[in-house]
Amino acid sequence: MSDSLEPIIRFDHASFGFPGVIALKDISLSINAGEFVGVIGPNGSGKTTLCRAILGLMAPVEGHLHIFDCACDALRCHHRAKIGYLPQKGVVDRNFPVTVLETVMMGRYGALGLFTRPGAKDRAIAMEALSHVEMDKHKDTALGHLSGGQQQRVFIARALAQQPKVLLLDEPTTGLDMTAQHNVIELIEHLHDELRLTIVLITHDINMIRSRVDRLVLLKTRLFASGPPAEVLKPDILSQVYGKDLVITDKDFIIVEDYHHHH
Amino acid sequence: MIELFTYDFMQRSLLAAAMVGGLCSVVGVFVVLRGLAFVGAGTAHAAFAGVALGYLMGWPPLVLAIIFGLATVWITGWVEEKGRMKLDVSIGILYTTTMALAILFIGLMKTYNAEVYGYLFGSVLSVTSDELRIIGGLSVLVLGLIVLFSKELYFIAFDQEMAEASGVPARRIFFLLLTLVALTVVVSLKTVGAILVFAMILIPASTAYQLTSSLRTLTLYSIVIGVTTAVAGVVISATWDVPSGPAIVLLATTVFFISVLFSPKRMKRAVQVHAH
């Protein structure tokens with residue numbers, strides 16, 4: 001469980017979206033320092049909106065959101081630099097001409113601020129981040145030449161180079177083969193244990209994270225459930241959210257048909 | 001041939017071509033990586049409308065070119081940010097509107113004005129000392145701003161939303177980039193003309209894109225290709241008496257196709273690095 005109960009992200013009856021189209025409604029949720037939180041829910045349940053809100057890219061239309069005790073509207077760039085973000089695979093152009101080290105160095109830019117050039121210290125931080133994800137040997141390799149799993153490791157290193165307090169990961173295993181999925185999740189768990197990072201992991205893969213997270217947050221436009229995995233992953237709760245798309249096997253393996261139909 | 005280089009006009013032309021070639025190729029790196037090719041083409045035509053209005057009203061043409069160029073890129077950037085319309089649609093409308101204005105302004109002129117056409121087709125061999133100073137001044141300004149904000153410009157070209165999420169003031173940097181594109185177009189207008197200026201911005205960076213997978217090397221290659229083809233184009237133009245703009249652009253295009261054929265990236269595409 002988490003080291004302390006100091007909330008660093010606090011949603012207080014917050015709703016997000018545009019007038020007439022509410023993506024997330026009346027969310028009250030606190031994420032504490034050092035916690036490992038998994039966010040699950042069917043397609044269109046507001047997972048990505050939650051992610052954008054935590055990043056300070058979306059202000060609540062109702063209610064409040066506080067990040068590091070700072071109202072979301074007033075979030076400044078140096079606050080954002082404290083959140084390391086791994087976007088969904090496919091959002092970033094993987095053929096962009098950039099090396100592994102150049103990619104990870106970008107993680108330093110927000111923290112450095114304008115007019116300051118990255119120096120030897122930043123390079124050392126970037127190299128340390130690369131060694132955390134075991135990609136330091138590939139620092140001069142073109143990003144586009146790496147496999148999907150290796151690229152994900154590099155993007156995690158980029159987020160780590162920010163020296164963040166929170167690591168926000170949006171579907172980090174999507175599009176990876178089974179071995180790479182397993183390796184990436186193990187890496188995230190290892191980073192949580194070793195660096196005492198607060199981790200918010202958005203995923204559709206319930207089975208992959210259920211034994212690793214402190215808490216699961218189940219979304220379906222509203223906050224449907226939040227608590228230890230054993231409390232959230234009950235057939236009656238899940239079937240209310242996923243409906244007939246849900247299959248629970250006799251070994252308690254949860255299969256959500258809906259996701260595979262849409263991807 | 002050597003004698004050619006002793007003429008003042010030739011020295012001015014070569015200097016102008018080198019500066020414009022270098023400037024366009026640096027700005028081009030960000031334009032290519034951020035996917036703003038069409039924005040630049042639209043800006044060039046908007047700036048030309050400013051030049052035409054300047055000559056019609058007797059106002060300074062370059063100042064009006066800057067105003068028209070900046071208005072176009074800022075409106076485009078605002079439309080993209082608000083998500084009101086697809087970027088290519090909004091720039092397509094502005095592009096044709098400003099071109100219609102340019103034709104209207106030229107039509108309203110009572111006499112034929114060869115200087116206006118110089119801005120449309122480019123005439124590097126007739127660059128004056130005063131124009132050279134303006135090109136030099138604006139080049140220093142644009143390159144200075146690029147050096148100052150290079151890390152942020154690279155980041156927004158890579159992924160603007162990720163840059164913003166990481167604490168970079170990405171929206172302001174995006175508008176800075178659009179402003180730099182507009183200023184570069186205006187600086188280059190006299191040298192290569194409104195129709196061809198965008199080739200000077202796109203082709204060196206696109207050529208370099210074929211040759212490397214590193215941002216730093218990409219920028220370096222782009223500058224070398226931009227300056228070399230611009231200077232060589234002027235020499236070809238003066239030696240064989242062909243128009244300078246097409247000479248520069250066709251030479252750059254030839255280099256681009258050669259780079260596509262021999263691109264190491266293309267050859268290596270199938271190669272994957274295996275870790276562990």
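We name chains A, B, ... by the order of the sequence lines, and we start the count at 1 in each one.
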Practice task
Examine whether an atom of A:Arg158 lies under 4.5 Å from a heavy atom of chain B, and if so say whether it belongs to the side chain, the backbone or both; otherwise answer neither.
Solution key: side chain
Handout entry: Contact class of B:Leu215 relative to chain A, heavy atoms under 4.5 angstrom
Key = both
Handout entry: Beyond-backbone contact of B:Ile75 with B:Leu94, side-chain heavy atoms, under 4.5 angstrom
Key = yes
Problem - Portion of B:Ala170 that has a non-hydrogen atom of chain A nearer than 4.5 angstrom - result: neither
Handout entry: Interface moiety of A:Leu112 toward chain B, non-hydrogen atoms closer than 4.5 Å
Key = side chain
Exercise for the section: Check whether any side-chain heavy atom of A:Ile9 lies under 4.5 Å from a side-chain heavy atom of A:Leu65, and answer yes or no. Expected result: yes
Problem - NZ/A:Lys165: more than 12 non-hydrogen atoms of other groups inside 6.0 Å - result: no
Practice task
Mind checking salt bridge (charged side-chain N to carboxylate O under 4.0 Å, His left out) for A:Glu189 and listing every partner two or more places apart, or none if nothing turns up?
Solution key: A:Arg212
Exercise for the section: Go through the side-chain N and O atoms of A:Gln150 and A:Ser147 and say whether any donor and acceptor fall under 3.5 Å apart. Expected result: yes
Practice task
May I ask you to list the residues in residues 137-152 of chain B that approach chain A closer than 4.5 angstrom, counting heavy atoms only, ordered by number?
Solution key: B:Val147, B:Leu148, B:Phe149, B:Ser150, B:Lys151, B:Glu152
Problem - Any side-chain donor near an acceptor of the partner, B:Gln160 and B:Arg171, under 3.5 Å - result: no
Handout entry: Flag side-chain contact, heavy atom, 4.5 Å: A:Thr99 against A:Lys139
Key = no
Exercise for the section: Would you check if the distance from the ring center of A:Phe155 to the ring center of A:Tyr85 is below 6.0 Å? Expected result: no
